[in-house]
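One structure is given below, encoded as structure tokens.
Within every chain, numbering begins at 1; the chains are lettered A, B, ... in the order of the sequence lines, protein sequences first and strands thereafter.
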Amino acid sequence: MTWSATARGAHQPDNTAFTQQRLPAWQPLLSASITLPLFFCAGLAFIGLGLGLYYSSNGIKELEYDYTGDPGTGNCSVCAAAGQGRAPPPRCSCAWYFSLPEFFQGPVYLYYELTNFYQNNRRYGVSRDDAQLSGLPSALRHPVNECYPYQYSAAGLPIAPCGAIANSLFNDSFSLWHQRLPGGPYVEVPLDRTGIAWWTDYHVKFRNPPLVNGSLALAFQGTAPPPSWHRPVYELSPDPNNTGFINQDFVVWMRTAALPTFRKLYARIRQGNYSAGLPRGTYRVNITYNYPVRVFGGHKLINFSSISWMGGKNPFLGIAYLVVGSLCILMGFVMLVVYIRYQDQNDDDEDDE
Amino acid sequence: MVKEDETFPCDLIFLSSSRADGTCHVTTASLDGESSHKTHYAVQDTKGFHTEEDIDSLHATIECERPQPDLYKFVGRINVYSDLNDPVVRPLGSENLLLRGATLKNTEKIFGVAIYTGMETKMALNYQSKSQKRSAVEKSMNVFLIVYLCILISKALINTVMKCVWQSEPFRDEPWYNQKTEAERQRNLLLRAFTDFLAFMVLFNYIIPVSMYVTVEMQKFLGSYFITWDEEMFDEETGEGPLVNTSDLNEELGQVEYVFTDKTGTLTENNMEFKECCVEGHVYVPHAVCNGQVLPAAAAIDMIDASPGAGGREREELFFRAVCLCHTIQVKDDDEVDGPRKSPDSGKRCAYISSSPDEVALVEGIQRLGFTYLRLKDNYMELRNRDNDIERFELLEILSFDSVRRRMSVIVKSATGEIYLFCKGADSSIFPRVVEGKVDQIRSRVERNAAEGLRTLCVAYKRLIQEEYEGIYKLLQAAKVALHDRERKLAEAYEQIEKDLILLGATAVEDRLQEKAADTIEALQKAGIKVWVLTGDKMETAAAACYACKLFRRNTQLLEVTTKRLEEQSLHDVLCELSKTVLHCSASLTQDSFSGLSADMQDYGLIIDGAALSLIMKPREDGSSSNYRELFLDICRNCSAVLCCRMAPLQKAQIVKLIKFSKEHPITLAIGDGANDVSMILEAHVGIGIIGKEGRQAARNSDYAIPKFKHLKKMLLVHGHLYYIRISELVQFFFYKNVCFIFPQFLYQFFCGFSQQSLYDTAYLTLYNISFTSLPILLYSLMEQHVTMDTLKRDPALYRDIAKNALLRRRVFVYWTSLGVFDALVFFFGAYFMFENTTVTSNGQVSGNWTFGTLVFTVMVFTVTLKLALDTHYWTWINHFVIWGSLLFYVVFSLLWGGIIWPFLSYQRMYYVFIQMLSSGPAWLAIVLLVAVSLLPDVLKKVLCRQLWPSATERVQRSSSRRAPADAAPSPDRPLLMDPEPRPRRE
């Protein structure tokens, strides 16, 4: 009987743990007794971390100066006024003086900051040719259409580097001078302009086109610089390892920022007497004022910041950890109260059943 | 011409066959699933044509009705013109019709003429009638989808408007560093707004979880295998497992509120057992019935009463002959038979096959009393009497059974030339036609038997003289050839013929309850499901069966709306009175249903019969019919059990429809085994067929088919419950994770000048739904068991926890969506404040927008996956593998994606972004923090709800996890010490 049944019922089910949905399983339960200690532990851990982060962030010093040149704010307003409504704006220099009453713990990094500048605009963000920037000769001559209207110059030459991002390269420059004693001479503080771009960007992603007869200039022959540039790309720097597409300022600029207010690394101060930080004294920052920002309501800032393991100054993370940690502990107490109040009642209910 | 083992290509009128008697055998397995051979008859006048030339010479016309889907009904007429005479008119019935889809068997070849072809064949007409069923989950899914569509459109609109406002200032619209092309400048403002709107739609379109539909389909399809694989639902006896005809309704099984069940063959086994017969008040009981198998020696008769006199003996034998002759049984030789009961007859082994199991039981029972029906040969019925003599009766007419008349008759001519009419039928249809016989004695016996749950039939006869018979013959012939109203005319003819009968006796056949039927019904009622029994049986039998299967208990107060009662009172009064009784205590009932257990209250059972029902349903002139319906529904809702007896198949469907469209729109389930249940199976939300004895028609038309009624319990309480839990989580989770996915994109538009800049890389956009977050939820929706299957089976009350689509209600949906929005806010602004105006690496270098997006995306993938992990209660190795595996896959993929310059990409924006992000300590800390914050509210809600307002399910989970250590079960005792997973931790 059974035999014939199995013979006929060809689709008799297999008796395996899987088909019968009886695989061995761990069945955790998110109950108060388990989560209570977890909440307290997590809360304590978060508060600990938060305190660490908070103090770590507080130890980081920052010094910031807005040199946009709104009327009545330092001597850059002259440049700003001079550049008003003129394109390209004339070359202009201004300076920012500041004094450090105490030692500025290093290593110190020099950033520039732009506000209201939409590097994350989609139209702007796609306006580049990564193939060209990786040194591909064919792409050098034939930039992609995304670069339009910065694809070909008015003369019909391909623009290298093409695109809106490259065209709008930040071209203010800074130099830092230190006056050790009042009335003494200003000594130039060496700014290390290398190592400001990602290692991979500088060494892998951005490549110059192959040299022609050992000359970068010849390699770029037949191309035009972007319309806003004053000099061709192969003259960005006299250093052959820092010119062309692998100019570090250029590489930094090409990594578009996430938010309309952004900071980009300009230089590191780590040479000579200044490797440990900036000593006391008066300082002067000489600014070559080229970059127009007031037309779109933006601001330019210069910023000295020390860097710790967690990067720049950022109180958010520490505070967030503290808040979440205390919330956890608070919730833990709420749950404890609930647990004690209702535990008995639930037990009674269960006994009733 | 069709040859043996060929399938008929269209509906044919059967003209002739290679067999001498003009019959052929067909099997209609592909039509209604019945694999037994059926005999069809060639048209009388044409059965002599055996060659193609003969057929060619045939000159005839056929008139037939319009195509209709009923497989078993056909009326037509053939006029055969021969050269000399007037045309011969012959009736055509379903026995002359060979249906498309059926297969010719045991016959070399047949000739036929096509009448219905293509879409007009009965097979095609039948397939059309199946309608698409949608589950409640699917409906709410569609509602959610519309909500999300609105969200999508409003998001796009908001952003478009914002963009227009934003762009009204030219220095923002086109700053010097981001010049437009000439064509862009010249574009019309409206056109620009429109293209912007479309671009935003494209950007946000991921909020519509397209992949959800794919996953849901996969889940349903794969999940239905668990039903077919279930060993507990496999029936050893028949070798049949459950069948899943549609996988669309798995979760609907967890939502059933009303079960409509057929009685015969569903609650009861439809395995008929001849119990006793009563001739003239003497009761005969064939004994020695052992385990349903009749012992061969059981030919003895146990006479309860004193031996009847000589006249009684004559009557007695007549009764036995009547039972032996009045049927439509076919006798099959053993080798042709594929499984039904064998007759224990010595010598020649044969089996009886009939469409009605009662007849088989009767004939077999009578065989044990000494009269054996042998066969039907050339219109002669042969039977062997007690003295082992063969008696031959010529079969003159069969007045076949139908459910309106509830009786059938045969007219036979005995060897001595006497003509008898034997009539067999339900007591109510026989007694009014009886003029003679010990009516009272037999009636009391019949009523007693009916009260015990036995199926009773009465047998009567009439002796006819030749002239009477000829009158009858003409009457019948006239009715049979009628083209219009043939059925009505036949019924009239039958009515005339079957009267002035002499009552012989009654039989009683037991229809045993299916095993565990009572247990199943009790469990269903505990689960809050209302069980209605819809049967064609008479009230007493049905009520008895209901008591036997605990649908009615001893303390159930029965309310009756029957024809008998309606004769005394008007329908209106009855209904009002009943509703008063019921509603009187409904106040206490509703109060009780709060506590979730109303089983012990005084409950009511309603009995209604077909006639009363049609009165209630019948629309009345003054338009107050709806009042009756409402009143009736009110009463029904407050009764724990309802029994509807004397139901025609269409009425069953009507009842289902009535409940289905009542104001709460409850989910209905119909279960039945016979062709008469098909309409109700098709009408109900979920139709379940029992793979039973009455053919496979019900199983074929059902959504699910199970071998036994008891399997319904596991089907609903375990599979239905689990599937509902699984799919509702699946649906909610999909919407949740897409909100998490897209809402940050929306927020980002406010920070990128509404330029449709995407926050995530294209690869992430594409793969998020396809590979990073799809497998865990799919496996969850296949494996999850929030409570073990045994617990679900043991505790039917848990079914109430998910009643009324509890997990997809608006509140739950809003909770999930707001959780998604909250999480999205956490992701986005967490990352925003992280990156705002600072650097996060120890080398002072700054990151760009892709790092920002990648951080958001990483937090999101981890949160979404861990949220699912929090919801998983059943961690098999597969779940572990898939959940941790997909997180690992995300990390590995990101490392690879950013680790190489992919030559086929025109941009290299993701190059080293992920790795650079991981090189920063604060990024790690931020990921931990943001994941924790995102999960915190959900954990909190879960724990507090469990502690403060535990549902029944949660209590069971708790107690079972507590019991587990006592049972020394492997793991779940103290997870707090050994379990790092519930917390969102990343190392």
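Neither the backbone nor the side chain of B:Ser920 has a heavy atom closer than 4.5 Å to any heavy atom of chain A. Heavy atoms of A:Leu53 lying under 4.5 Å from chain B belong exclusively to its side chain. At a 4.5 Å heavy-atom cutoff, the contact between A:Ser308 and chain B is made by backbone atoms alone. Contact annotation for A:Leu49: only side-chain heavy atoms (C-beta onward) come within less than 4.5 Å of a heavy atom of chain B. If you measure heavy-atom distances from B:Ile878 to chain A, the contacts under 4.5 Å come from the side chain alone. The part of A:Glu113 that comes within reach of chain B is its side chain, from C-beta onward, which places non-hydrogen atoms under 4.5 angstrom from that chain. For chain B, the nearby parts of A:Phe18 are the backbone and the side chain; heavy atoms of each come within less than 4.5 Å. In this structure, chain B has heavy atoms under 4.5 Å from both the backbone and the side chain of A:Leu23. A:Phe117 touches chain B through backbone and side chain together, each having a heavy atom under 4.5 Å away. With a 4.5 Å cut-off on non-hydrogen atoms, B:Val913 touches chain A through its backbone and its side chain both. The part of A:Ala257 that comes within reach of chain B is its backbone (N, CA, C, O), which places non-hydrogen atoms under 4.5 angstrom from that chain. Heavy atoms of A:Ser228 lying under 4.5 Å from chain B belong exclusively to its side chain. When heavy atoms are compared at a cutoff of 4.5 Å, A:Tyr109 approaches chain B solely by way of its side chain, counted from C-beta outward. In this structure, no portion of A:Ala139 lies under 4.5 Å from any heavy atom of chain B. Both the backbone and the side chain of B:Met834 come within less than 4.5 Å of a heavy atom of chain A. For A:Pro24, the part lying under 4.5 angstrom from a heavy atom of chain B is the backbone only.
Once rounded to the nearest 0.5 Å, the distance linking NZ of A:Lys205 with CG of A:Asp130 reads 5.5 Å. Distance CG/A:Asn120 to OG/B:Ser755: 6.5 Å, rounded to 0.5 Å.
Judged by distance alone, the side chain of A:Gln27 and the main-chain N or O of B:Gln785 form no donor-acceptor pair under 3.5 Å. Put simply, the side chain of B:Glu784 never gets that close to the backbone of B:Thr872: no donor and acceptor are under 3.5 Å apart. Judged purely by atom type and a 3.5 angstrom limit, A:Arg128 has no side-chain atom pairing as donor or acceptor with the backbone of A:Cys147.
With respect to chain A, the highest number of heavy-atom pairs below 4.5 Å among B:Trp176, B:Tyr177, B:Phe226 belongs to B:Tyr177. No other option in B:Glu232, B:Lys180, B:Arg172, B:Glu184 has as many heavy-atom pairs under 4.5 Å with chain A as B:Lys180. For chain A, the option among B:Val943, B:Thr876, B:Leu722, B:Leu929 with the highest count of heavy-atom pairs below 4.5 Å is B:Leu929. Contact count versus chain A (heavy atoms, under 4.5 Å) is highest, among B:Gln916, B:Gln179, B:Lys942, B:His873, for B:Gln916. Interface summary for chain B: among A:Met335, A:Glu146, A:Arg268, the most heavy-atom pairs under 4.5 angstrom belong to A:Met335. With respect to chain B, the highest number of heavy-atom pairs below 4.5 Å among A:Asp129, A:Val204, A:Val144, A:Val126 belongs to A:Val204. When each of A:Ala320, A:Ala197, A:Ser127 is scored by its heavy-atom pairs under 4.5 Å with chain B, the top score falls to A:Ala197. When each of B:Thr851, B:Val840, B:Ile901 is checked for heavy-atom pairs under 4.5 Å with chain A, B:Val840 comes out on top. Across A:Tyr148, A:Trp198, A:Trp199, the residue that shares the most heavy-atom pairs under 4.5 angstrom with chain B is A:Trp198. The choice from A:Ala258, A:Gly312, A:Ser305 that makes the most heavy-atom pairs within less than 4.5 Å of chain B is A:Ala258. Top candidate by heavy-atom pairs under 4.5 Å with chain B, chosen from A:Thr115, A:Asn121, A:Leu265, A:Ile307, is A:Asn121. No other option in B:Val846, B:Asn178, B:Thr841 has as many heavy-atom pairs under 4.5 Å with chain A as B:Asn178.
Residues passing the ring-ring contact (aromatic ring centres under 6.0 Å, His included) test with B:Tyr912, sequence neighbours excluded: none. Looking at residues two or more places apart in sequence or on another chain, you find a salt bridge (charged side-chain N to carboxylate O under 4.0 Å, His left out) between A:Asp201 and A:Arg255.
Using a 4.0 Å cut-off between a side-chain N of Lys or Arg and a carboxylate O of Asp or Glu, A:Glu62 and A:Arg263 qualify as a salt bridge. The pair B:Asp790-A:Arg22 meets the salt-bridge criterion, with a side-chain N (NZ, NE, NH1 or NH2) lying under 4.0 Å from an Asp/Glu carboxylate O. A salt bridge does not link A:Lys313 with A:Glu64: every distance from a Lys NZ or Arg NE/NH1/NH2 to an Asp or Glu carboxylate oxygen is 4.0 Å or more.
A centroid separation of less than 6.0 Å is found between the aromatic rings of A:Tyr118 and B:Trp166. Side-chain rings of A:Tyr291 and A:Phe170 approach one another, their centers coming within less than 6.0 Å.
Other residues, nucleotides and ligands contribute more than 12 heavy atoms inside 6.0 Å of the CZ atom of B:Phe750.
Taking 4.5 Å as the limit, every side-chain heavy atom of B:Arg726 sits out of range of all side-chain heavy atoms of B:Met783.
Remark: the B:Asn849 side chain and the A:Gln119 side chain contain no N/O donor-acceptor pair separated by less than 3.5 Å.
Each of B:Phe828, B:Tyr832, B:Phe829 was compared with B:Phe852 under the ring-ring contact (aromatic ring centres under 6.0 Å, His included) criterion, and only B:Phe828 meets it.
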